[in-house]
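Everything on this sheet refers to the single structure shown next.
The chain is numbered in sequence order, starting from 1. Hydrogens, waters and symmetry mates are skipped; everything else that's a heavy atom, side chains included, is used.
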Amino acid sequence: MSTKEFGTDKKLEIDNIFLGIGSNQGDRELNLKESIKLLNSRVGKILNSSRIYESEPWGVKEQKNFLNQVIEIETHINPNDLLNICKNIEYDMGRRPEIRWGKRVIDIDILYYQSKVINQENLKIPHKLMHERKFVMIPLNDLNENHLHPILKITNREILNKCIDSCKVKYYGN
């Protein structure tokens, strides 16, 4: 965590966060790009982004494959407000409540907020299922394989190596 000065006597806490984004409806790649643009304008500066991966659906299998990516952002927004902003971006891009793990124009998940642990009814950080999903752990490892999961006490690389998810994930590149 670092601080930046604004004005002469105020300091604002700046945190690095990791978000997972995914889409399997419409122009999936354009949906990822649009969500990143909105996150950059509403949440904070995009520091880094993983490669894009295509993955089989997780949970509900009878749907189109997803494109997935992980981004790292610098923000001063607290975790609860961040969740609300992510949900608003999903809504603004056309996502409506449907079946759990079903099709979606965009999905934005908070994976890590620095090394904070938050266990509220509507917000769990680190993301409670990330360690079970290769479509999250592979792009997350692109960005920071040595980040220590604050609950499991192992690195992202170790989590990926232990992940038993059988869904196929492949690089979606040109």
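Residue Leu140 holds its CG atom at 12.0 Å from CD1 of Ile71, rounded to the nearest 0.5 Å. Atom CD1 of Ile77 is separated from atom CG of Leu82 by 6.5 Å, given to the nearest 0.5 angstrom. Between Lys45 atom NZ and Glu74 atom CD the span is 6.0 Å, to the nearest 0.5 Å. Put simply, CD on Glu56 and OG on Ser166 are 7.5 Å apart, with the number rounded to the nearest 0.5 Å. For the atom pair CD1 of Ile36 and OG of Ser41, the computed distance is 12.0 Å after rounding to the nearest 0.5 Å. Rounded to the nearest 0.5 angstrom, His131 NE2 and Ile164 CD1 are separated by 9.5 Å.
Of all non-hydrogen atoms in Asn78 and Asn80, the two that sit nearest each other are OD1-N, 3.0 Å. What you find for Asp165 and Lys134 is that their closest heavy atoms are OD2-N, 2.9 Å. When all heavy atoms of His127 and Ile110 are compared, the pair lying nearest together is CB-O, 3.4 Å. Closest heavy-atom contact between Ile125 and Tyr113: CG2-N, 3.6 Å. For the pair Met137 and Asn141, the tightest heavy-atom approach, listed with the atom from each and the gap, is O-ND2, 2.8 Å. Contact between Cys86 and Leu39 at its shortest, heavy atoms only, is SG-CD2, 4.3 Å.
Cluster annotation: Ile85 and Ile118 are assigned to the same hydrophobic cluster (Ile/Leu/Val/Met/Phe/Trp/Tyr, side-chain heavy-atom contacts under 4.5 Å, transitive). Under a hydrophobic-cluster definition in which Ile, Leu, Val, Met, Phe, Trp and Tyr are linked whenever side-chain heavy atoms come within less than 4.5 Å, directly or via other members, Phe18 and Ile154 are assigned to the same cluster. Residues Leu111 and Leu129 share a hydrophobic cluster, clusters being chains of Ile/Leu/Val/Met/Phe/Trp/Tyr side chains in contact below 4.5 Å.
In terms of modelled atom types and a separation under 3.5 Å, the side chain of Asp107 and the main chain of Gly22 share no donor-acceptor contact. In this structure a side-chain-to-backbone donor-acceptor pair under 3.5 Å is missing from Asp15 to Gln114. Proximity of a side-chain donor or acceptor of Asn68 to a complementary backbone N or O of Val136 within less than 3.5 Å is not detected. At distances below 3.5 Å, not a single donor-acceptor pair connects side-chain atoms of Thr155 with backbone N or O atoms of His147. Formation of a donor-acceptor pair under 3.5 Å by the Gln69 side chain with backbone atoms of Ile21 is not found in this model. Using a distance-only test at 3.5 Å, with no hydrogens or angles considered, no donor-acceptor pair links the side chain of Asn31 to the main chain of Ile106. At distances below 3.5 Å, at least one donor-acceptor pair connects side-chain atoms of Asp142 with backbone N or O atoms of Arg51. For Ser50 (side chain) and Val70 (main-chain N/O), a donor-acceptor pair under 3.5 Å exists by modelled atom type. With hydrogens and angles ignored, the 3.5 Å screen pairs a side-chain donor or acceptor of Asn40 with a backbone N or O of Ile46. Side chain of Asn48 to main chain of Glu72: no donor-acceptor pair is present (N/O by atom type, distance under 3.5 Å, no hydrogens or angles).
Among the candidates Asp92, Thr75, Asn88, the single residue satisfying the side-chain hydrogen bond (donor to acceptor under 3.5 Å, both in side chains) test with Arg42 is Asp92.
Leu123 has its side chain within reach of Pro79: a pair of non-hydrogen atoms, C-beta onward, lies under 4.5 Å apart. The shortest side-chain heavy-atom distance between Arg28 and Ile52 does not fall under the 4.5 Å cut-off.
Salt-bridge formation is not detected for the pair Arg104/Glu90: no Lys NZ or Arg NE/NH1/NH2 atom is positioned less than 4.0 Å from an Asp or Glu carboxylate oxygen.
Annotation for Ile151: hydrophobic cluster partners, listed by chain and number, are Val117 (ILVMFWY side-chain heavy atoms under 4.5 Å, direct or chained).
Partners of His149 under the ring pair (Phe, Tyr, Trp, His ring centres under 6.0 Å) rule, at least two apart in sequence or in another chain, are Tyr112.
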*asked:* Using the rule given for side chain to side chain contact (heavy atoms under 4.5 Å, CB included), can you reason through Arg95 versus Gln25, listing the C-alpha separation, both sets of side-chain angles and the distance that settles it, and then say yes or no?
replied: CA-CA 10 Å; Arg95 181 172 175 185; Gln25 295 293 292; over 6 Å; no
_side chain to side chain contact (heavy atoms under 4.5 Å, CB included) between Tyr171 and Tyr53, intermediate numbers included_ = CA-CA 4 Å; Tyr171 172 62; Tyr53 293 88; 4.2 Å; yes
*Stepwise, does the side chain to side chain contact (heavy atoms under 4.5 Å, CB included) test hold for Asp109 with Met130?*
CA-CA 9 Å; Asp109 290 327; Met130 64 186 277; over 6 Å; no
_Step-by-step side chain to side chain contact (heavy atoms under 4.5 Å, CB included) determination, Leu152 to Glu158_ = CA-CA 10 Å; Leu152 300 177; Glu158 292 170 301; over 6 Å; no
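In the displayed structure, Lys170 atom NZ is contacted under 6.0 Å by at most 12 heavy atoms of other residues, nucleotides or ligands. Counting heavy atoms of neighbouring residues, nucleotides and ligands inside a 6.0 Å radius, atom NZ of Lys124 exceeds 12 of them.
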